[in-house]
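These notes concern the structure reproduced below.
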Amino acid sequence: MAAWRQQQAHFLIVTYPSQGHVTPARHLARRLVHGGGARVTVCVPVSAFRKMFDMGEVEVDSEVAEDGGGGVAYAAYSDGYDGGFDRAVDDHTRYMAQVRTVGARTVAGVLRRLRDGGRPVTCAVYTLLLPWVADVARDHGVAATAVFWIQPTTALAAYYHYFRGHREAVVAAAASGDPSAEVSLPGLPPLRVRDLPSFLAITSDDDPFAFVLSEFGALIDTLERGGGDPGESPTYVLANTFDAMERDALASLRPHIDVVAVGPVLSFLHDADETKTASSPNDLFDHDGGGYLEWLGTKPARSVVYISFGSSSVMSKNQVAEIAAAMAESKKPFLWVIRKDNCKDEEDNTAIKKLVASAAMDGGDGGMAVEWCDQACVLSHPSVGCFVTHCGWNSTLETVACGVPVVAAPQYSDQGTNAWLVERMGVGVRAAVHGGDGVLEAAELRRCVDAVTSEAVASRAAAWKEEARAAVADGGASERNLNEFVRRFISK
Ligand code: UDP
């Protein structure tokens, strides 16, 4: 038996410094510890580590154990941007180059430190576009690597087939300029251009996200069975999805990629009282202590519209005005996440706050704005009736697992694919947007909110909630898959 198999399984999960990566990484870590009995170290960039643990200065070899006895350790690595990545001035392509060189060096340091401290890593896991982690891990004797795929498997299947013979079909549909133009990809139902990951529709090298496509291409090469050097162990894909939700996409990938459905990976589903214990104090944003849970408690069942566009999307003043008008006219109570950094312009931010406040005054049952909330707690609250979301994958899985109907307002990346899934499952509708800047107008938002707050949508959402929970409950397909995966790394 190889030496690495004789130790307790120890997973190192390496992430980007963004909430949409850190949150699922933390959920996976807790599931591996509590469900699988493994040891886990989550490795985050210095900039994220500093925010999560409220530290001014962070040494690259900083390590902490999670607050609240979660049993997960955290280590910092430098991505070359220890002060954080600023979208207003920093360049994405340069960041990718930096994280590749600086990150490779500093993650190597973490691996060495863990090995020298008697806790060698047995499997290195990374979230999406960090394929260099696999090379560093192999150079340091780590036998296995896995990608934690934190987008829908349908998006991975679309990327796979794009790079394996279907690029021309996708490019032709995208170039038609019609977002409803259909594309046929093996094993998937017909998808319109607007349902595909937006990066696949990039046809110009001048697009600021043009670099993303080549990164995904390189990732697909790594993931394809037999794609690496001969004798190399495979890179597994832990997909944050469950069979019932994306059966066709999983089936279309299985002949080519070692994909294991382990989702929805949401550790709060395993807490005895999820509404009390879902709290995630170590987020990259400061939690709003504004009593929103108490406020929700004063509202009737399924009456509140929850609005959030995630951790990085920004909303124009125009868009905020349309949503505010819709809420004021609908007379429905609303809880709205407007982050401090929603808008760089201080004047616009003040105007935005005023718009939200006046919508709360004009509406029938009032509204509340918060900087950042515990979204799992909000979605688990019985007063919440629907979720107006940008459809980040984490938000999508959370709302499905909580049985909350969706108004989907996707912006980019996989969000259009997530909106398509939501519609296919019958748990929500995708809002139409107008104009070049894609503004969701008040009348359309009201129409969508009315459509999803029907009994029919609520009962489908309730049925999918059960499906999602059954997948990760004891004996569920995803739970079995995860445990089986961990067992590969434990001595028999
Ligand atoms: N989130 C939160 N509080 C908020 C807004 C968002 O906890 O006020 C969490 C949300 O629960 C989700 C994550 O932030 O887990 C956002 O990830 P997602 O993939 O939905 O979108 P992204 O931020 O990556 O665009």
Side-chain angles (χ1 to χ4, degrees), residues 92-93 128-129 149-221 223-224 237 239 241 245-257 259 313 389-393 396 406-426 428-441 444 448:
H92 283 99
T93 313
L128 298 195
L129 298 175
W149 185 259
I150 53 173
Q151 296 191 348
T153 301
T154 307
L156 180 58
Y159 282 119
Y160 179 83
H161 294 302
Y162 174 94
F163 288 110
R164 296 294 180 268
H166 296 269
R167 181 188 216 128
E168 276 176 23
V170 174
V171 168
S176 75
D178 175 6
S180 299
E182 278 190 0
V183 182
S184 272
L185 298 173
L188 299 180
L191 291 163
R192 294 157 299 185
V193 170
R194 67 181 207 168
D195 306 327
L196 292 168
S198 64
F199 301 133
L200 292 183
I202 292 175
T203 47
S204 156
D205 288 345
D206 295 336
D207 190 293
F209 287 109
F211 73 93
V212 176
L213 259 189
S214 56
E215 293 285 338
F216 274 115
L219 183 68
I220 295 293
D221 291 345
L223 299 183
E224 185 153 50
V237 176
T241 192
M245 190 166 174
E246 295 193 273
R247 209 177 294 285
D248 40 17
L250 286 161
S252 99
L253 282 175
R254 280 193 179 115
H256 316 288
I257 288 178
V259 58
S313 301
T389 169
H390 71 311
C391 271
W393 186 236
T396 304
V406 173
V407 174
Q411 299 182 340
Y412 81 129
S413 187
D414 58 325
Q415 294 160 14
T417 313
N418 307 339
W420 171 79
L421 277 165
V422 158
E423 284 202 314
R424 179 167 84 153
M425 293 160 75
V429 297
R430 177 174 177 157
V433 292
H434 291 289
D437 52 354
V439 169
L440 164 56
E441 291 174 354
E444 170 66 359
C448 292

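- Using a 3.5 Å distance cut-off with no hydrogens or angles, the side chains of His166 and Ser184 do not pair a donor with an acceptor.
- Using a 4.5 Å heavy-atom threshold, the side chains of His390 and Pro410 count as separate.
- Here CG of Leu156 is found 4.5 Å from CH2 of Trp149. Values are rounded to the nearest 0.5 Å.
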Legend entry - Pair Leu128-Ile150, side chain to side chain contact (heavy atoms under 4.5 Å, CB included): steps then yes or no: CA-CA 7 Å; Leu128 298 195; Ile150 53 173; 3.8 Å; yes

Without placing hydrogens or testing angles, list every side-chain donor-acceptor pair under 3.5 Å for residues 419-426, not counting sequence neighbours.
residue, atom, partner, partner atom, Å
Glu423, OE2, Arg430, N, 2.8
Arg424, NH1, Asp248, OD2, 2.7
Arg424, NH2, Met245, O, 3.4
Arg424, NH2, Asp248, OD1, 3.4

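- The shortest non-hydrogen separation linking Thr417 to Ala155 is CG2-N, 4.2 Å.
- Looking at heavy atoms from C-beta onward, Arg167 lies out of side-chain contact with His161 at the 4.5 angstrom threshold.
- Between Phe211 and His92, the ring planes are parallel. Angles under 30° get that label, and only those over 60° would be called perpendicular.
- Considering every non-hydrogen atom in both Ala409 and Leu440, the closest pair reads CB-CD2, 4.0 Å.
- Minimum interatomic distance between Cys391 and Asn418 (heavy atoms only, all atoms of both residues): O-ND2, 2.7 Å.
- The two atoms that bring Thr389 and Gly392 nearest to each other are OG1-N, 4.3 Å, heavy atoms only.
- The only option from Leu223, Val237, Thr241 that meets the side chain to side chain contact (heavy atoms under 4.5 Å, CB included) definition with Val259 turns out to be Val237.
- Side chain of Gln415 to backbone of Gln411: a donor-acceptor contact under 3.5 angstrom is found.
- Here the CD1 atom belonging to Ile257 is positioned 6.5 Å from the OH atom belonging to Tyr160, to the nearest 0.5 angstrom.
- Formation of a donor-acceptor pair under 3.5 Å by the Glu444 side chain with backbone atoms of Ala431 is not found in this model.
- Two residues are said to be in side-chain contact when any heavy atoms from C-beta on lie closer than 4.5 Å; Val439 and His434 fail this criterion.
- The OG1 atom of Thr93 sits 9.0 Å away from atom CD of Glu215, with the distance rounded to the nearest 0.5 Å.
- We find the CZ-OG distance between Phe199 and Ser214 to be 11.5 Å, quoted to the nearest 0.5 Å.
- With rounding to the nearest 0.5 angstrom, the OH atom of Tyr162 is 4.5 Å from the CG atom of Leu213.
- Note that the OG1 atom of Thr154 and the CD atom of Glu246 stand 3.5 Å from one another [nearest 0.5 Å].
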Which side-chain N or O atoms in residues 190-198 pair as donor and acceptor under 3.5 Å with protein atoms at least two apart or in another chain?
residue, atom, partner, partner atom, Å
Arg192, NE, Asp195, OD2, 2.8
Arg192, NH2, Asp195, OD1, 3.1
Arg192, NH2, Asp195, OD2, 3.3
Asp195, OD2, Arg192, N, 2.9
Ser198, OG, Ser413, N, 2.6

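- In this structure, Ser252 and Leu188 approach most closely via the heavy-atom pair OG-CD2, 4.3 Å.
- In terms of the ring-ring contact (aromatic ring centres under 6.0 Å, His included) criterion, residue partners of Tyr159 (sequence neighbours excluded) are, by chain and number, Phe216.
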